[in-house]
Amino acid sequence: MPHLPPFFSKVDELQGKFIERLSEAVAIPSISSEDARRPDVVKMGEWLAEQIRALGGEVELRQLGKQPGHEHLDLPPVLLGRYGSDPKKKTVLVYGHYDVQPAQTSDGWATDPFKLSIDDKDRMFGRGSTDDKGPVLGWLNAIEAHQKAGVDIPVNLLMCFEGMEENGSEGLDELIEAEAKSFFKDADVVCISDNYWLGTEKPCLTYGVRGCNYYSVEISGPGQDLHSGVYGGVTHEPMTDLVRIMNSLVDPDGKILIQGIDDLVAPLTDEEAALYPPIAFTMDDLHQSLGNQVSIYNDKNDALKHKMRYPSLSLHGIEGAFYTPGAKTVIPAKVIGKFSIRTVPNMEIDDVTKLVQKHVEQEFAKLKSKNNMKFNIVHVGKWWVEDPNHPNYTGAAKAVERVFGVKPDMTREGGSIPVTLTFQAQLQKNVLLLPMGSSTDAAHSINEKLDKKNYIEGTKLLGAYLHYVAGELS
Ligand SMILES: C[C@H](N)C(=O)N[C@@H](Cc1c[nH]cn1)C(=O)O
Ligand SMILES: [Zn+2]
Ligand SMILES: [Zn+2]
């Protein structure tokens, strides 16, 4: 691969510009789950489109109409881009997302979440730095470094960047289905950079994700919030009901308490169990990324299995609860509890939902409360597992070895990327997850960051992958 050294040198030379590009992106608070931020999500899509056009790519911002259930809101557009259309070359479809999770300084951030701040260890802090603005910009950086180094990109690139990934990817499945035989028809393989290494030193290739079924339980009763001194003891309290229901879902050791859920999980075979011990992952890696020694399991292999191949149930929050500092003596009139289940093979979305709904209804009935309970499905997305012996993976493994000098670990991601399954099913093409960020990046959390090294070497990796996958596919 004689073209790679000049490309790598150009990436190093341009790193200041690439960091500036990330800094501009982080400054746009494109939070897809907050209605008031929707204009910023749109602005982010437009900014990205301009960046790609400036590099010579063709871009369409495809409008998706109104957001189901929020008809006052337009969905952010999906960016469909193309760079190169040489019929002699193979075509790689890359996907990423330009929306981010919510963030406020008051959540506990050490710096402004929407201002990229670089510390003395070259850690670049900012919402979206690792999830997923850094990796998305990695593709653009790779194009620019090729151009400026005078190195031809050996594949055509199709780009699909969405603005609703953190909010259920609304509208995307329909778009992919509609465009499978038109915009996406030339794709030979799919590559997604939107997950994380298991530790901080060793890259990985990821061939599976867990699904995510997200639910809410709404309990309402009194006509308005009440004074707990005047009405405490004489009314059924929505919060008391809700806390009981939420408490019934999962135990402190992470065991899901909903009857029938465990029966849906594919049994662990000896062959699969043998995959975990060789993975370069230690309990120290886990504790470092958790920020404390609070792991449920003491054994690395148990921890890996519960990250990758067993389901989990997490309690996320209670809307309507009194949560600010102080001691307000209120009885909230309506509260909405939110929780999700990360699903794994062979859990079908609807089977899980039926069990969860039945459980919640039974638990509420046990309370004999006069309040009202509503169970809602917020969004769902299925798990995905891919064949890691495909040229898409062998090409990526060679790129990792070239850039990092090690063979990658083969992992399954505990998080969810709903579009993986849609691409696999609709395009019938192999899908690869090629992460840029590390386990300590704190995606979705306060102080999210991307290490400068991961961003710059990750840009080299994405570029090198295009060369190696072209070789493997030809
Ligand atoms: C792994 C990916 N970067 C990610 O963060 N995905 C989200 C997707 C999601 C599902 N429900 C809401 N967002 C995740 O795993 O939480
Ligand atoms: Zn995310
Ligand atoms: Zn993401």
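Numbers for residues simply follow the sequence, beginning at 1. Just follow the structure's listing: the first ligand is 1, and inside any ligand the first atom is 1.
Between the side chains of Glu162 and Tyr95, at least one donor N or O lies within less than 3.5 Å of an accepting N or O. In this model, a donor atom of one side chain and an acceptor atom of the other lie less than 3.5 Å apart for Thr130 and Asp441.
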Under 3.5 Å, which donor-acceptor pairs do the side chains of residues 251-260 form with other protein atoms, sequence neighbours left out?
| residue | atom | partner | partner atom | Å |
| --- | --- | --- | --- | --- |
| Asp251 | OD1 | Asp253 | N | 2.8 |
| Asp251 | OD1 | Gly254 | N | 3.2 |
| Asp251 | OD1 | Lys255 | N | 2.9 |
| Lys255 | NZ | Asp262 | OD2 | 3.1 |

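Under 4.0 angstrom from ligand 1, there are no non-hydrogen atoms of His316.
When Ser416, Ser32, Pro135, Gly415 are checked for heavy-atom proximity to atom 4 (C) of ligand 1, Ser416 turns out nearest. Distances from atom 15 (O) of ligand 1 to the heavy atoms of Arg342, Glu165, His97, Arg210 show the closest one on Arg342.
Not one N or O of Asn167 is nearer than 3.5 Å to an N or O of ligand 1, by distance alone. When only interatomic distances are considered, the shortest N/O to N/O separation between His444 and ligand 1 falls below 3.5 Å.
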Next on the checklist: Apply salt bridge (Lys or Arg N to Asp or Glu O under 4.0 Å) to residues Arg123 and Asp451 and explain how you reach the verdict.
Outcome noted: CA-CA 4 Å; Arg123 297 179 298 185; Asp451 293 342; 5.5 Å; no
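The N, O or S atom of Asp131 lying closest to the Zn ion (ligand 2) is OD2.
The aromatic rings of Trp197 and Phe404 lie perpendicular to each other, with more than 60° between the two planes, well past the 30° mark.
For His444 atom NE2 and Glu166 atom OE2, the angle they make at the Zn ion (ligand 2) is roughly 110°, to 10 degrees.
Counting heavy atoms from C-beta outward, Leu198 and Lys307 have side chains that approach closer than 4.5 Å.
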